Amino acid sequence: MVKKLFGTYERSLDNKGRLLIPAKLLLGETESLYAIQGHEGCIAIYDEEAFNRLTDKLMSMDFDQDAEQRAYVRLAASSVTEMKIDSHGRILLGRQMLSEYRIGQSVTVIGVLDHFEIWDATAYAKYLVQNGRLYDTRSGIGKGNAS
């Protein structure tokens, strides 16, 4: 059974760029996680099972015939970093990754069902302001829609 990840967690990175992963987002006996360029400037983190499903999707794309799909596969695959979880439940993001994604000391970590995302706290607050209304206008869930 696939564990579903959800929730919002405020964290601070330590001076080495390590993130203490919220306990509810830790995935069983997983020792490695995979970071990949997320959407809208975040870092998406997958456990091995979810990462395998993601790479299966990438491999099913039309790499040979479609330039846009080829570019997406290249950019996604080249952004992947394998990370080890230390004995304290932390991952090392590293200065280069933090700089590349413009992530400061304060981060917001959100569960997104099959993965979690790491956002710069200010960037995520802006994202909520810009996109929060979409939840009410786009979701059919909980709106009394009967079929």
Side-chain angles (χ1 to χ4, degrees), residues 1-132 134-136 138-142:
M1 184 168 149
V2 177
K3 181 178 179 183
K4 303 292 189 240
L5 307 177
F6 53 88
T8 302
Y9 309 88
E10 301 299 326
R11 292 287 187 268
S12 293
L13 302 177
D14 71 10
N15 59 359
K16 294 182 180 178
R18 292 179 297 201
L19 170 69
L20 177 61
I21 302 168
K24 290 188 177 188
L25 299 180
L26 281 174
L27 302 164
E29 299 299 317
T30 300
E31 293 180 11
S32 293
L33 296 173
Y34 298 87
I36 187 169
Q37 179 178 342
H39 301 288
E40 290 80 43
C42 70
I43 303 170
I45 307 290
Y46 292 84
D47 72 349
E48 190 162 357
E49 182 180 343
F51 183 70
N52 287 338
R53 287 193 305 275
L54 175 67
T55 56
D56 287 346
K57 289 179 189 176
L58 291 173
M59 291 176 68
S60 73
M61 295 178 85
D62 191 353
F63 189 86
D64 292 327
Q65 302 297 318
D66 187 312
E68 285 184 11
Q69 289 187 33
R70 184 168 47 250
Y72 186 83
V73 170
R74 280 185 180 138
L75 294 171
S78 67
S79 76
V80 174
T81 301
E82 183 177 2
M83 302 175 154
K84 299 291 183 190
I85 302 171
D86 72 13
S87 61
H88 300 287
R90 301 174 299 192
I91 53 175
L92 176 64
L93 298 175
R95 298 285 171 227
Q96 180 178 348
M97 184 179 293
L98 295 172
S99 175
E100 183 178 334
Y101 291 95
R102 296 184 182 111
I103 293 178
Q105 204 71 17
S106 296
V107 298
T108 302
V109 181
I110 62 171
V112 192
L113 303 180
D114 70 338
H115 69 285
F116 64 90
E117 295 177 343
I118 302 167
W119 289 76
D120 175 78
T122 301
Y124 188 68
K126 288 178 184 177
Y127 179 83
L128 287 177
V129 168
Q130 293 171 347
N131 295 286
L134 294 176
Y135 182 78
D136 290 332
R138 301 280 307 227
S139 174
I141 299 172

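No experiment lies behind these values; they were computed from the predicted model shown.
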For H115 and I36, what are the C-alpha separation, side-chain angles and deciding distance, and is it a side-chain contact (heavy atoms from CB on, under 4.5 Å)? CA-CA 11 Å; H115 69 285; I36 187 169; over 6 Å; no
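- Residues K24 and F6 have side chains not in contact (no heavy-atom distance under 4.5 Å, counting atoms from C-beta outward).
- Looking at every heavy atom in both residues, R53 comes nearest to D114 through NH2-CB, 3.9 Å.
- For the residue pair Q37 and S79, the shortest heavy atom distance occurs at N-OG, 3.0 Å.
- Nearest heavy-atom pair, G111 versus F116, reported as atom, atom and distance to 0.1 Å: CA-CB, 4.1 Å.
- We find the CG-CD1 distance between L128 and I110 to be 8.0 Å, quoted to the nearest 0.5 Å.
- In this structure, M83 and L93 approach most closely via the heavy-atom pair CE-CD2, 3.6 Å.
- You'll find the side chain of L33 stays beyond 4.5 Å of the side chain of F51, heavy atoms only.
- Between E31 atom CD and I85 atom CD1 the span is 8.5 Å, to the nearest 0.5 Å.
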Take M97 and I103, measure what side-chain contact (heavy atoms from CB on, under 4.5 Å) needs, and give me the verdict at the end. CA-CA 8 Å; M97 184 179 293; I103 293 178; over 6 Å; no
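- Between W119 and Y127, the ring planes lie tilted relative to each other; the angle falls in the 30° to 60° range.
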Under the side-chain contact (heavy atoms from CB on, under 4.5 Å) rule, what do I45 and I21 come out as? Steps first, then yes or no, please. CA-CA 11 Å; I45 307 290; I21 302 168; over 6 Å; no
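- L13 contributes atom CG, which lies 11.5 Å from atom CZ of R90 (distance to the nearest 0.5 angstrom).
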Run the side-chain contact (heavy atoms from CB on, under 4.5 Å) check on I91 and I118 step by step: do they pass? CA-CA 12 Å; I91 53 175; I118 302 167; 4.3 Å; yes
